[in-house]
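Computed from a predicted model, the values in this text were never measured in an experiment. As the structure lists them, so they are numbered: ligands from 1, and atoms in each ligand from 1. Quick note: numbers below take in every heavy atom, side chains included, and nothing from hydrogens, waters or symmetry partners.
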Amino acid sequence: MKMRKIIIANWKMNPQSLEEAKSIFNGTKRAAAKLKKTLTVVCPPFVYLSTLGSSISKGKLSFQAGAQDLFWKEKGSYTGEISAEMLKSVGAKYVIVGHSERREYFGESNDIVNKKIKAGLKAGLNVVLCVGEKDREPGVFLRYIKDEIEEGLKGIQRVFLKKLIIAYEPIWAIGKKGPAADSPEDVLQMSIYIKKILLPIAGKELMPKIPILYGGSVNPKNAEGFLRDAGVQGLLIGHESLVPEHFGEILKIAEKI
Ligand code: PGA
């Protein structure tokens, strides 16, 4: 059976007002509304999540809201933090964990990422684990990805992995305006490698069902190549997800493949 494509919008710390957020969200929702075979997930900043999430009609399974992070504790004295249950209560069904920007600017180690993944999966959220190397230093970068996956998923029972998604995002390819994304050929190699790492962790029944996405400077021009030739089930999109026309084009491409 062909699995549906998953296209996730990671807005990061954008836009700067709720008004703008509503406008981007509504544009995205309109573009996603016509699709049948593609799941669209929009991950706005926390502060917009409840307003935007509550405007998604219940039962509309192909358009969902998600968060960009969470804290692993359920509640308590953790100033500034947001729990999985809080996210669920405002309509989030997905959460991104371990994005390279969180690892870089907030010192998130694989151990912290592991705690966050556990909390998200235990609460029933779909967790998008981001992995990716800083550069392609031979002999080093493959080990780096392996550690991110193995340590990130350490001690998690297989039943919980049904709601796991892996996003491969090479750090050097993120946030570029020009043609700086990875190539579908290289991403295909990486997706095969990631599946190999996942096999002993998830088992042979579940491993093929764990979606692998590509992220890093995806735009309407290169999206098709990744979706067709890179062995991935979808895309994680940063800056182009803030332009509904561009994001909408990518959704159309996903739908027709
Ligand atoms: P980008 O971001 O599409 O702007 O490269 C992707 C990401 O960091 O998730």
Side-chain angles (χ1 to χ4, degrees), residues 5-16 20-21 24-25 27-28 31-32 38-46 48-49 64-70 92 94-106 108 113 116-117 120 126-136 141 144-145 148-149 152 164-184 186-187 190-191 194 211-227 230 232-251 253-254:
K5 296 279 183 287
I6 304 171
I7 309 293
I8 303 182
N10 175 13
W11 286 6
K12 309 192 179 184
M13 200 171 75
N14 301 293
Q16 282 172 286
E20 283 173 274
I24 299 170
F25 192 77
T28 306
T38 307
L39 165 67
T40 308
V41 182
V42 179
C43 301
F46 287 136
Y48 306 142
L49 196 51
Q64 297 290 340
Q68 299 170 18
D69 185 32
L70 84 175
Y94 287 74
V95 63
I96 298 170
V97 173
H99 191 280
S100 57
E101 287 151 15
R102 297 227 44 100
R103 294 178 193 258
E104 182 180 351
Y105 302 121
F106 304 95
E108 290 195 6
V113 170
K116 292 187 171 191
I117 296 174
N126 295 282
V127 172
V128 184
L129 163 61
C130 298
V131 299
E133 76 283 0
K134 285 192 191 71
D135 51 49
R136 292 244 161 110
F141 80 95
Y144 188 82
I145 306 279
E148 283 189 317
I149 296 173
L164 177 76
I165 295 171
I166 305 267
Y168 170 61
E169 297 203 303
I171 298 170
W172 51 269
I174 290 176
K176 304 281 166 20
K177 299 281 176 211
D182 204 345
S183 68
D186 281 1
V187 175
M190 285 308 298
S191 62
I194 289 170
I212 297 173
L213 315 183
Y214 168 73
S217 300
V218 175
N219 58 42
K221 287 204 183 85
N222 62 21
E224 179 157 359
F226 288 115
L227 289 170
V232 296
Q233 204 186 319
L235 304 165
L236 178 55
I237 300 172
H239 62 276
E240 289 283 41
S241 70
L242 295 161
V243 188
E245 300 76 45
H246 294 187
F247 191 69
E249 275 181 57
I250 297 171
L251 291 178
I253 293 167

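- Applying the ring pair (Phe, Tyr, Trp, His ring centres under 6.0 Å) rule to F247 yields no partners; only residues at least two apart in sequence or on another chain are considered.
- Going from atom CG of N126 over to atom CD1 of I8 covers 8.5 Å, rounded to the nearest 0.5 Å.
- Closer than 4.0 angstrom to ligand 1 lie heavy atoms from N10, K12, H99, E169, I174, G175, G216, S217, L236, I237, G238, H239.
- The side chain to side chain contact (heavy atoms under 4.5 Å, CB included) test applied to K221 returns N219, not counting sequence neighbours.
- No side-chain heavy atom of L227 sits under 4.5 Å from any side-chain heavy atom of Q233.
- Partners of Y168 according to the ring pair (Phe, Tyr, Trp, His ring centres under 6.0 Å) rule, which considers only residues two or more places apart in sequence or in another chain, do not exist here.
- Remark: the H99 side chain and the E108 side chain contain no N/O donor-acceptor pair separated by less than 3.5 Å.
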